[in-house]
Enquirer: 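Just dropping this structure here.
Naming convention: chains lettered A, B, ... in sequence-line order (proteins, then strands); numbering from 1 in each chain.
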Protein chains: 2
Amino acid sequence: MRDSSQPTRERILQAAGKLFHRDGIRAISVDAIAEKAGITKRTLYYHFRSKDDLIAAHLQARGEPNLALFKRWFEETEGDVAEKAAGIFRQLAQSARSAKWKGCGFLRTSVELINLPGHPALVVARAHKKRVEDWLGSVFMEAGAGNDAQPLARQVMLLLDGSFAVVLLHRDPSYMETAADAVIRLIAERLSDARANASRIPGAA
Amino acid sequence: MRDSSQPTRERILQAAGKLFHRDGIRAISVDAIAEKAGITKRTLYYHFRSKDDLIAAHLQARGEPNLALFKRWFEETEGDVAEKAAGIFRQLAQSARSAKWKGCGFLRTSVELINLPGHPALVVARAHKKRVEDWLGSVFMEAGAGNDAQPLARQVMLLLDGSFAVVLLHRDPSYMETAADAVIRLIAERLSDARANASRIPGAA
DNA sequence: CAATGTATACCGGGTAGTGAATATACACAA
DNA sequence: TTGTGTATATTCACTACCCGGTATACATTG
């Protein structure tokens, strides 16, 4: 029974993903993951050296699809760069309305592993967040933000991760609309500075 | 030996505070707290009904001093409202340079207790964050932000909690300077809108 | 056979919480 | 003053369970 519809390793990652997302890393035991994956714990330990290893692999697997989703949300939004960036926040607000929404797994991991500074999962999490920030930076650069592109990308990241944190606490997705508004203001202001003569009224689209 | 220099309950809260802050709520056992406080675990359970109870009491005790610190940082910063609000972020960046800095205990708690939606500590955490937001709102209102006061307060909160999250992950306090810059831009823009016709007296209400 | 993958059964250690007894302090009666 | 009752405060020893990880053996397949 080596391969029932999916490679064992993938099944483990999928089970771990669901449970980690639902209850958190520390609250979920290896036994629970193995049971959810339909295997024994020993088999899990054949595919992953340790629980810590599994956590890191889990985040690694989530990184690319996560960034791809943000890119899709950005591209599918009509309007200028500011509106497109704000679109990410509006889509996020939509997601956050679901009761199953549990914030950002990368940020949550950095909290849960705060007493293990060298944990491999933290390296993965940092790399992912940097990748998102760099993508935003390149987007703003292409839009003509010049030297403002990088600080702008960081401010959007602050609002993004702030949204995750605040909405996770208050369970009120409207904060993400408020964040979208800030994003538009910050981008519009700098882009109009950069363009100097192109006429654009901040806040409208 | 009932009272050696401090009421037992306070000693427990202090010990719990240090350990929770350092390693997180789930990573610290009740035994560890009792040992740090110099008492038996059974004594701890005399003063607190459960670990969950202790967690809530811990956050409750931290709320007021935390808000007071923000207020002090705000008041001690020179300049207009925007500069004063940004001052909080600059002081925060200063704190975050310490290796002992571990982000915001209220946000961290909301992550660690994500699988226990009704946990009493979450109620305390939400109330605290709301109190900070309301204080910011009143400050902006006094500065003449009018209807913009509340959304502005929320955006500052998003940047504040975003700073906590991002800096905890990347361990780079310069993000807080970037957040301070965003705060100034967002406040300045709306305050100049509000003043449009009134004579420019920045701090009066 | 040899390599890969899976299962059963187990270990040592840690966890939140408790039962029962004890020590201290103070109020009040003899 | 001395004795006694009672509420507060504290200790030691313990339970019942959960957790990450492993020793060993068995199965499947090239």
Side-chain angles (χ1 to χ4, degrees), chain A residues 1-59 109 112-116 118-122, chain B residues 1-20 22-59 109 112-122:
Chain A
M1 211 217 266
R2 164 164 149 219
D3 177 1
S4 69
S5 89
Q6 236 188 52
T8 306
R9 193 190 144 95
E10 296 307 310
R11 287 231 314 281
I12 297 171
L13 277 174
Q14 200 171 316
K18 281 184 186 174
L19 296 177
F20 284 160
H21 174 76
R22 196 189 61 190
D23 294 343
I25 287 170
R26 296 196 104 113
I28 289 297
S29 69
V30 178
D31 298 76
I33 297 166
E35 189 186 347
K36 179 100 174 177
I39 57 166
T40 43
K41 185 164 55 166
R42 196 62 188 82
T43 298
L44 188 152
Y45 275 98
Y46 175 81
H47 291 276
F48 299 92
R49 194 143 35 79
S50 64
K51 186 186 180 184
D52 292 326
D53 225 50
L54 173 58
I55 296 168
H58 157 66
L59 284 193
T109 300
E112 295 208 67
L113 303 180
I114 200 164
N115 61 329
L116 305 168
H119 198 289
L122 294 178
Chain B
M1 209 221 266
R2 162 163 148 222
D3 176 1
S4 69
S5 89
Q6 235 187 53
T8 306
R9 194 190 144 94
E10 296 308 309
R11 288 229 316 281
I12 296 171
L13 277 174
Q14 200 171 316
K18 281 184 185 174
L19 297 177
F20 284 159
R22 197 189 62 190
D23 293 342
I25 286 169
R26 297 196 103 111
I28 290 297
S29 69
V30 177
D31 297 75
I33 296 166
E35 189 187 347
K36 180 101 174 176
I39 56 164
T40 336
K41 182 165 57 168
R42 199 63 185 79
T43 299
L44 188 152
Y45 275 98
Y46 175 80
H47 291 277
F48 298 92
R49 193 145 31 83
S50 64
K51 185 185 179 183
D52 292 325
D53 224 49
L54 173 58
I55 296 168
H58 156 65
L59 283 194
T109 300
E112 294 209 70
L113 302 180
I114 200 163
N115 62 328
L116 305 169
H119 198 290
L122 294 178

Enquirer: Any side-chain N or O of B/Tyr46 below 4.0 angstrom from OP1/OP2 of D/dT10?
Expert: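 No, because none of the side-chain N or O atoms of B/Tyr46 sits under 4.0 Å from OP1 or OP2 of D/dT10.
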
Enquirer: Would you find a donor on one side and an acceptor on the other, under 3.5 Å apart, between the side chain of B/Lys51 and the backbone of B/Ser29?
Expert: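 Side chain of B/Lys51 to backbone of B/Ser29, a donor-acceptor pair under 3.5 Å: no, none is there.
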
Enquirer: Could you tell me the separation between the CD1 atom of B/Ile39 and the P atom of C/dG17, rounded to a whole number of Å?
Expert: 15 Å

Enquirer: Does A/Thr43 make a side-chain N or O approach to OP1 or OP2 of C/dT6 shorter than 4.0 Å?
Expert: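 No, outside the criterion.
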
Enquirer: For a quick check, with a 4.0 angstrom heavy-atom cut-off, what is the B/S/- contact string for nucleotides 19-27 of chain D, read 5' to 3'?
Expert: SBBBBB---

Enquirer: Counting just side-chain N and O atoms, does B/Thr8 come under 4.0 Å of either OP1 or OP2 of D/dT10?
Expert: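 The answer is yes; a side-chain N or O of B/Thr8 sits under 4.0 Å from OP1 or OP2.
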
Enquirer: Partners of A/Leu19 by side chain to side chain contact (heavy atoms under 4.5 Å, CB included), sequence neighbours excluded?
Expert: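 Listed in chain order: A/Arg22, A/Ile28, A/Ala32, A/Ile33, A/Lys36.
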
Enquirer: Could you state the CD-P distance from B/Glu35 to D/dT11, rounded to the nearest angstrom?
Expert: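 The answer, rounded to whole Å, is 13 Å.
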
Enquirer: Any side-chain to backbone donor/acceptor pair from A/Arg26 onto B/Ala27? Under 3.5 Å, distance only.
Expert: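 Absent.
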
Enquirer: Would you say that A/Leu44 contacts A/Thr8 through its side chain, given a criterion of any heavy-atom pair below 4.5 Å between the two side chains?
Expert: no

Enquirer: With a 4.0 Å limit, can you tell me whether A/His47 has a side-chain N or O closer than that to the phosphate oxygens OP1/OP2 of C/dT4?
Expert: no

Enquirer: Between P on C/dT18 and CG on B/Leu44, what's the gap in Å once rounded to a whole number?
Expert: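 One finds 12 Å between P of C/dT18 and CG of B/Leu44, rounded.
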
Enquirer: Between B/Leu13 and B/Phe48, is there a side-chain heavy-atom distance shorter than 4.5 Å?
Expert: yes

Enquirer: Do you know which two heavy atoms are closest between B/Pro117 and B/Leu122, and how far apart they sit?
Expert: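 In this case the closest contact between B/Pro117 and B/Leu122 is O-CD1, 3.6 Å.
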
